[in-house]
**Student:** 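Handing you this structure, nothing more for now.
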Amino acid sequence: MHYTRPTALQDVATHYCAGCGHGVAHRLIAEVVDELGIRERTLAVAPVGCAVLAYDYWNFDVTEAAHGRAPAVATGMRRCNPDKVVFTYQGDGDLAAIGAGEIVNAANRGELISVFFINNATYGMTGGQMAPTTMLHQRTTTSPRGRETRAEGWPMKVVEMLAQLDGTAYAVRCALDTPKNIRAARAAIKKAFEVQLAGQGLAIVELLSACPVGWGMKPVEAIKAMAGTMTAQFPLGVVKQREK
Amino acid sequence: MARRMPEEGRVFVQSESELAAISMVMGAALTGARAMTTSSSPGVSLMQEGISYLCGCELPAVIANVVRGGPGLGNIMAAQSDYFQAVKGGGHGDYRLLVLAPASVQEMYDFAYLAFDAAFAYRNPVMILSDGLIGQMMEPVAFRAPQHLRIAGVNYDASSWALTGAMGRPPRSIKSLLLGDGVLEAHNRTLQEKYQRMSAQVRYEALQTEDAEHIFVAYGICARICQGALARLRGEGLRVGLLRPITLWPFPSAWLRAHAAQLRHIMAVELSCGQMVEDVRLAVGDTTRVAFHGRCGGGVMTVDELCAEARRVFTQEH
Amino acid sequence: MAHVLIDPQRCKGCHLCIQVCPKKILQPSAQLNERGLYPCETSDADACIGCLQCVLVCPDVAITVTDDDARATKQGTI
């Protein structure tokens with residue numbers, strides 16, 4: 001029952017703001033990498049965004065990609081190295097906006113990569129602009145009156161969209177808010193690696209995550225707000241699980 | 001490639017876009033693989049993002065651009081109007097590509113060896129800049145490694161730097177994001193020192209220049225048209241030669257500087273509105289008059305046209 | 001018996017752990033840490049039941065929970 005830091009996570013403090021979900025997501029991935037014993041053959045692609053510095057936090061090989069291109073970089077890595085375990089870690093601006101083409105086509109090709117998609121409904125690093133996943137009526141610096149469908153469209157439901165593609169083997173949405181949901185997220189992350197190891201196709205885990213500073217809330221308020229509004233617009237659970 | 005690479009146990013991927021293609025090349029290169037991609041002008045414009053990253057991350061890769069007419073969608077005829085983009089850096093940041101300009105189908109083949117040699121020797125992307133005429137030409141080709149062109153002693157073993165998994169060693173990261181105070185400036189200085197070393201790879205062909213009073217400077221398909229003009233103009237008594245840059249960067253500026261005083265005229269000949277001619281003028285300064293003859297938008301000069309222009313320019317007194 | 005330990009230098013004071021502790025033994029510290037933040041601290045470290053709820057929600061891996069057996073060797077480990 002005791003808990004200590006995973007080996008796959010370097011023993012350093014992160015630069016993330018207090019209450020940011022990136023820290024939890026980094027830790028869960030590191031725990032699963034340790035549990036599966038794949039640390040020494042894992043190659044990760046960090047995004048553009050707050051988590052670009054993930055290569056300073058994980059204790060395995062990590063590279064960067066141009067904004068949105070992580071699935072293409074991961075394709076090159078994985079195709080040339082079928083013995084390695086490759087994952088991308090991407091935010092909503094990275095994956096759903098500038099990189100929408102790359103993730104859709106990587107999924108459609110059934111690339112054997114795991115994709116960890118942090119959805120905090122905003123561009124955190126650049127100061128809280130509207131993302132494709134910004135919720136209806138959510139105020140951001142570029143939707144100051146709240147997101148309206150007439151002008152800004154609807155929140156993009158990424159896992160539901162990717163689940164439509166035959167190459168996607170596993171698509172699930174989790175939330176990094178309550179202990180129960182975080183346990184479920186850990187199980188989903190593990191499954192996403194197992195799907196890759198079994199050669200089944202692309203696996204994507206969407207992780208609803210708090211950005212307290214971007215949302216203009218205290219961390220505790222931000223976490224509480226997730227259960228009310230965020231999971232209502234982004235329902236949790238497995239959207240797709242293809243067994244072969 | 002699609003047929004052959006899997007037969008060789010290698011990897012071929014048809015990407016969804018040139019943005020993705022260059023990023024896939026980056027992913028492969030990150031793990032130490034020999035990776036390349038090809039496109040024609042508008043696609044290569046999309047690749048500029050990834051090329052900048054490859055340079056920033058110091059990754060080896062080969063990009064072939066078979067240039068077509070621009071700007072915009074332009075047309076699908078031969079052009080050399082991507083010279084600036086290839087040689088001066090089409091992406092963001094201070095960087096250089098080694099740029100090779102083949103003038104025959106044989107060189108298209110041979111330069112692939114040289115390009116990978118240079119890419120791994122300097123851990124830098126290399127561009128093969130061709131044009132729609134050379135790219136679609138049918139010629140006999142000898143499929144053998146061009147030992148006379150290759151760079152000796154290139155280490156293709158990437159295990160000391162590539163991302164291979166942190167087995168028995170500390171984790172590695174390959175990145176171009178350098179936020180620390182002064183770190184990016186130091187990185188740029190290191191890159192510039194490397195580009196200085198790369199300038200030793202300058203290659204060119206000088207034809208009938210020993211006694212020449214006038215020379216053409218031309219690469220790729222234009223160098224071949226110039227060769228046709230050369231034979232005719234020599235027959236008419238004009239002492240004409242040809243400098244054919246094989247590397248567009250590094251550019252054979254030193255050769256031009258060394259020979260400028262003996263030359264009465266230099267004429268840059270390009271399928272563009274005048275791009276390489278700027279490097280020729282930079283090389284010789286005011287020493288020699290530099291004329292330009294170019295066609296653009298898919299137009300290609302004939303030998304007749306070039307000879308007429310050469311007679312007019314080369315007989316002018318200063 | 002379990003034992004919970006919060007590294008005051010790693011803790012950024014988000015207080016998420018306080019919300020989930022069923023034994024209510026976590027609280028904001030009155031002491032600033034080196035970053036100038038008020039970290040969380042334990043009011044009764046040995047009242048911990050080892051449920052790991054705080055560990056799960058902590059974004060900064062600032063919390064170590066040990067059981068009695070591990071404590072002899074792991075004490076102070078972060």
Side-chain angles (χ1 to χ4, degrees), chain A residues 7-10 15 30 33 37-49 52-86 88 98-109 111 113, chain B residues 5-6 9-37 46-59 61 91-93 158 161-180:
Chain A
T7 306
L9 200 62
Q10 299 202 27
H15 71 292
V33 164
I38 54 174
R39 189 186 69 83
E40 293 181 329
R41 60 185 180 114
T42 292
L43 308 178
V45 188
V48 169
V52 65
L53 297 178
Y55 38 60
D56 291 335
Y57 305 141
W58 282 314
N59 188 21
F60 41 78
D61 284 4
V62 190
T63 187
E64 68 179 17
H67 204 193
R69 318 283 172 247
V73 171
T75 296
M77 295 173 113
R78 186 64 167 75
R79 291 274 187 130
C80 293
N81 299 274
D83 57 324
K84 298 292 189 291
V85 179
V86 177
T88 71
I98 196 168
E102 281 73 17
I103 187 62
V104 165
N105 283 281
N108 194 49
R109 290 190 303 265
E111 294 296 339
I113 59 174
Chain B
M5 294 294 273
R10 302 179 191 196
V11 177
F12 171 89
V13 187
Q14 178 178 331
S15 69
E16 64 271 26
S17 72
E18 288 82 354
L19 285 166
I22 195 73
S23 292
M24 290 178 189
V25 165
M26 178 170 161
L30 281 161
T31 66
R34 273 173 253 186
M36 70 169 295
T37 183
L46 283 176
M47 290 180 186
Q48 296 305 316
E49 173 189 76
I51 291 171
S52 172
Y53 278 74
L54 286 164
C55 288
C57 292
E58 294 197 79
L59 292 169
H92 58 284
W161 56 265
L163 300 190
T164 53
M167 188 180 288
R169 62 160 171 78
R172 287 179 185 154
S173 61
I174 294 179
K175 60 187 180 181
S176 59
L177 180 77
L178 300 163
L179 295 174

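Any value given below was found using the heavy atoms of this structure, including those in side chains, with hydrogens, waters and symmetry copies removed.
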**Student:** Using only atom types and a distance under 3.5 Å, with no angle test, would you say the side chain of A:Asn108 pairs donor to acceptor with the backbone of A:Val104?
**Tutor:**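 No; judged by distance alone, with no hydrogens or angles, the pair does not exist.
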**Student:** Pick one of side chain, backbone, both or neither for B:Arg169, based on which atoms fall under 4.5 Å of a heavy atom in chain A.
**Tutor:**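 The answer is the side chain of B:Arg169.
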**Student:** Looking at A:Met77, is its backbone amide N or carbonyl O close enough to the side chain of B:Thr31 to form a donor-acceptor pair, meaning the two atoms are under 3.5 Å apart?
**Tutor:**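 Checked: no pair found.
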**Student:** Under 4.5 Å heavy-atom distance to chain B, tell me which part of A:Asn81 shows up: side chain, backbone, both or neither.
**Tutor:**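 Only the side chain of A:Asn81 comes within 4.5 Å of chain B.
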**Student:** Between A:Ala66 and chain B, with a heavy-atom cut-off of 4.5 Å, which part of the residue counts as in contact: side chain, backbone, both or neither?
**Tutor:**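 Both parts, backbone and side chain.
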**Student:** May I ask you to name which of B:Ala29, B:Ser176, B:Ala21, B:Gly168 has the most heavy-atom pairs under 4.5 Å with chain A?
**Tutor:**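 If we count pairs closer than 4.5 Å to chain A, B:Ser176 comes out on top.
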**Student:** Report yes or no: does A:Asn59 contribute a side-chain atom to a donor-acceptor pair with the main-chain N or O of A:Thr7 at less than 3.5 Å?
**Tutor:**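 A pair under 3.5 Å: yes.
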**Student:** Given a strict heavy-atom distance threshold of 4.5 Å, which part of B:Ala33 is in contact with chain A: side chain, backbone, both, or neither?
**Tutor:**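 It is the side chain, since no backbone atom gets that close.
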**Student:** So for A:Ile38, is it side chain, backbone, both, or neither that comes closer than 4.5 Å to the heavy atoms of chain B?
**Tutor:**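 Nothing of A:Ile38, per the 4.5 Å heavy-atom cut-off to chain B.
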**Student:** Does any N or O in the side chain of A:Arg69 come within less than 3.5 Å of the main-chain N or O of A:Ile98, such that one atom is a donor and the other an acceptor?
**Tutor:**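 Flag set: sc A:Arg69 to bb A:Ile98 pair under 3.5 Å.
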**Student:** Checking heavy atoms, do the side chain of B:Leu30, its backbone, both or neither come under 4.5 Å from chain A?
**Tutor:**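 Just the side chain, heavy atoms under 4.5 Å.
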**Student:** When you measure from the side chain of A:Tyr55 to the backbone N and O of B:Pro171, does any donor-acceptor pair fall under 3.5 Å?
**Tutor:**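 Here the side-chain-to-backbone pair does not exist.
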**Student:** For the pair A:His15 and A:Tyr57, name the ring-plane relationship: parallel under 30°, tilted 30 to 60°, perpendicular over 60°.
**Tutor:**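 Geometry flag for A:Tyr57 against A:His15: parallel rings.
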**Student:** Taking every non-hydrogen pair under 4.5 Å, which of B:Val25, B:Ile22, B:Val11, B:Leu163 racks up the most with chain A?
**Tutor:**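 Most heavy-atom pairs under 4.5 Å with chain A: B:Leu163.
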**Student:** For A:Arg109 and A:Thr75, which I'm curious about, is there any donor-acceptor pair between the side chains at under 3.5 Å?
**Tutor:**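 Judged by distance alone, the side chains do pair up.
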**Student:** Can you tell which part of B:Ser52 gets under 4.5 Å to a heavy atom of chain A, answering side chain, backbone, both or neither?
**Tutor:**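 Neither part; nothing is under 4.5 Å.
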